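The next block holds one structure in the form of structure tokens; read it before the comments.
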Amino acid sequence: MVLSIRSLRDQSPYLPLGDKHDAPFYGKDILSVRQFDRDNLAYIFAIADEMQEMVRRVGTFDLLKGKILANLFYEPSTRTSSSFTSAMERLGGSVIPINEVRYSSVSKGESLPDTIRTLECYADVIVLRHPETGSAALAAKYARKPIINAGDGTGEHPTQALLDLYTIAAELGHLDGLTVTMLGDLKYGRTVHSLARLLSLFGAKLNYVSPDLLRMPVEVMEEVAGKGILQAEYNTLDEVLPETDVLYVTRVQKERFTDPEAYEAVKGSYVIDSAIMEAAKQDMIVMHPLPRVGEISMDFDDDPRAAYFRQMEYGLYVRMALLAMVLGKA
Ligand code: NCD
């Protein structure tokens, strides 16, 4: 008898049996928040609610049993990387961790497309963080498997913005018509680039407080303005703090500066502490994507308005929802 071994090339496009092929976002890349509208955000958040419920009730369950995630990080990460690992493992899947590309063939000069082509042979979904803007889109061009952008340089950080929005909805009970003040490094901070775009779907008023050197990029402001959103720029917080519903604090992104003196000149521009927060409302929240390097004093951590630690936990449920969706199980 002649054994026939079908070559990989002859196989039909990758559509595993048992996946819900009509599920929203099945097999899709998550590259930018521009992919989302109010309807699919509501859907993602409903799944995230279910994930939260399941984690509280049973901890770990088998929705993604047999699925494999490659976590490919060319930049440092604690929260994004470990929350994707936790999300995959709580869903019964497993993870190939490449948290330190120095020890992979990247250090031998392998290109991003080739590294992606390699990992997709072994994994069902790839989470990518990379220092260059547009790298996730480049990876997606070469990949057959879904790519999830976990931060591309100063470009976007869509999964962070989703968890930020989920945090606001969970903490304040609604998303419409909020006054959101973004503080710190609005130029290099990718989280605020994504979050401003997402908030533009909800009629928010956006205040941008930063040193002149670190203002929100014009292209983001123009895009947000196109949605009819009010935006205003400030150098100091005092004028806008009393009206603020969400104060979103960011770290000055030291690694993006070419001139160390310029970093020294702007670092520590703003420090939120309990005394400053006396001017803010009681029913507002303070968020931060973290890590913080002095922008929020630890003396504020016990204030009920300090939502930044809860924000990290919401991130787990949102990332579980996204993985289940792109892998066709939600
Ligand atoms: C952010 C990032 O990597 O852009 N961190 C995160 O993912 N929570 C923010 C930062 O590094 O300042």
Side-chain angles (χ1 to χ4, degrees), residues 30-33 48 69 71-88 97-101 126-136 147-168 180 182-199 208-211 213-217 220 246-257 263 266-272 285-296 306-320 322-323:
I30 308 287
L31 302 178
S32 160
V33 291
L69 157 76
N71 230 3
L72 176 59
F73 280 67
Y74 288 72
E75 281 189 340
S77 169
T78 303
R79 271 149 294 271
T80 308
S81 158
S82 55
S83 66
F84 268 113
T85 299
S86 174
M88 197 62 187
I98 306 193
N99 285 331
E100 186 44 276
V101 288
I126 298 173
V127 171
L128 172 69
R129 169 169 291 183
H130 193 280
E132 278 161 40
T133 305
S135 52
I147 300 288
I148 299 181
N149 180 3
D152 62 329
T154 60
E156 280 220 39
H157 195 345
T159 70
Q160 177 73 41
L162 290 174
L163 80 87
D164 291 341
L165 203 66
Y166 184 71
T167 300
I168 297 171
V180 178
M182 299 182 177
L183 176 77
D185 185 348
L186 309 182
K187 177 178 181 186
Y188 296 123
R190 55 196 170 199
T191 68
V192 285
H193 302 164
S194 291
L195 184 58
R197 289 180 170 114
L198 264 195
L199 284 166
Y208 304 131
V209 182
S210 72
L213 195 69
L214 301 177
R215 285 165 63 184
M216 186 62 97
V220 178
V246 176
L247 178 61
Y248 193 94
V249 186
T250 65
R251 168 180 75 91
V252 178
Q253 309 278 298
K254 182 179 184 184
E255 66 275 30
R256 311 279 179 223
F257 284 72
Y263 171 72
V266 287
K267 74 163 200 215
S269 294
Y270 310 99
V271 179
I272 297 303
I285 52 170
V286 178
M287 296 173 63
H288 193 309
L290 302 173
R292 63 175 161 183
V293 287
E295 312 81 40
I296 304 180
Y308 31 92
F309 299 135
R310 299 191 289 275
Q311 187 180 348
M312 291 191 278
E313 186 183 329
Y314 293 125
L316 172 67
Y317 311 129
V318 170
R319 289 181 171 132
M320 288 174 79
L322 288 173
L323 290 174

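Everything quoted here is computed from the prediction, not taken from an experiment. Atoms within a ligand are numbered from 1 in the order they appear, just like the ligands themselves.
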Report task. For ligand 1, find out whether one of its N or O atoms is nearer than 3.5 Å to an N or O atom of P289. Result -> yes
Requested in this report: Apply the side chain to side chain contact (heavy atoms under 4.5 Å, CB included) test between T250 and each candidate in L214, V192, L183; give the one that qualifies.
Outcome: V192
Query raised in the report: So which protein heavy atom does atom 10 (C) of ligand 1 come closest to, and at what separation?
Result: R251 NH2, 3.4 Å
Query raised in the report: Y263 vs F257 aromatic rings, parallel, tilted or perpendicular, using cut-offs 30° and 60°?
Result: perpendicular
Query - T80 neighbourhood, listing ligand 1 atoms whose heavy-atom distance to it stays under 4.0 Å - result: 6 (C), 7 (O)
Requested in this report: Compute whether any side-chain donor of one residue and acceptor of the other, for S32 and E156, lie under 3.5 angstrom apart.
Outcome: yes
Query raised in the report: Quick one: which ligand 1 atoms are inside 4.0 Å of a heavy atom on Q253?
Result: 10 (C), 12 (O)
Query raised in the report: Who's the nearest protein heavy-atom neighbour of atom 4 (O) of ligand 1, and how far?
Result: R190 NE, 2.8 Å
Query raised in the report: Will you find, in the side chains of D164 and T191, an N or O donor that is under 3.5 Å from an N or O acceptor?
Result: no
Report task. Look at ligand 1 and say whether R129 reaches it with a heavy atom at a distance under 4.0 Å. Result -> yes
Report task. Nearest 0.5 Å please: distance from the CD atom of E313 over to the CD atom of Q311. Result -> 12.0 Å
**Report entry** For H157, atoms of ligand 1 separated by under 4.0 Å from a heavy atom
**Finding:** 2 (C), 4 (O), 6 (C), 7 (O)
Query raised in the report: Is ligand 1 under 4.0 Å from a heavy atom in the side chain of Q160, in the backbone, in both, or in neither?
Result: side chain
Query raised in the report: Would you say P291 touches ligand 1, if touching means a heavy atom closer than 4.0 Å?
Result: yes
Query raised in the report: For ligand 1, is there an N or O atom under 3.5 Å from any N or O atom of E255?
Result: no
Query raised in the report: So which heavy atom in the protein is nearest atom 5 (N) of ligand 1, and how far is it from that ligand atom?
Result: L290 O, 3.1 Å
Query raised in the report: Above 12 or not: heavy atoms from other molecules or residues under 6.0 Å from CZ of R215?
Result: no
Report task. Report the distance from atom CZ of F84 to atom CG of L316, rounding to the nearest 0.5 Å. Result -> 10.5 Å
**Report entry** Straight-line distance of E255 CD to T154 OG1, nearest 0.5 Å
**Finding:** 10.5 Å
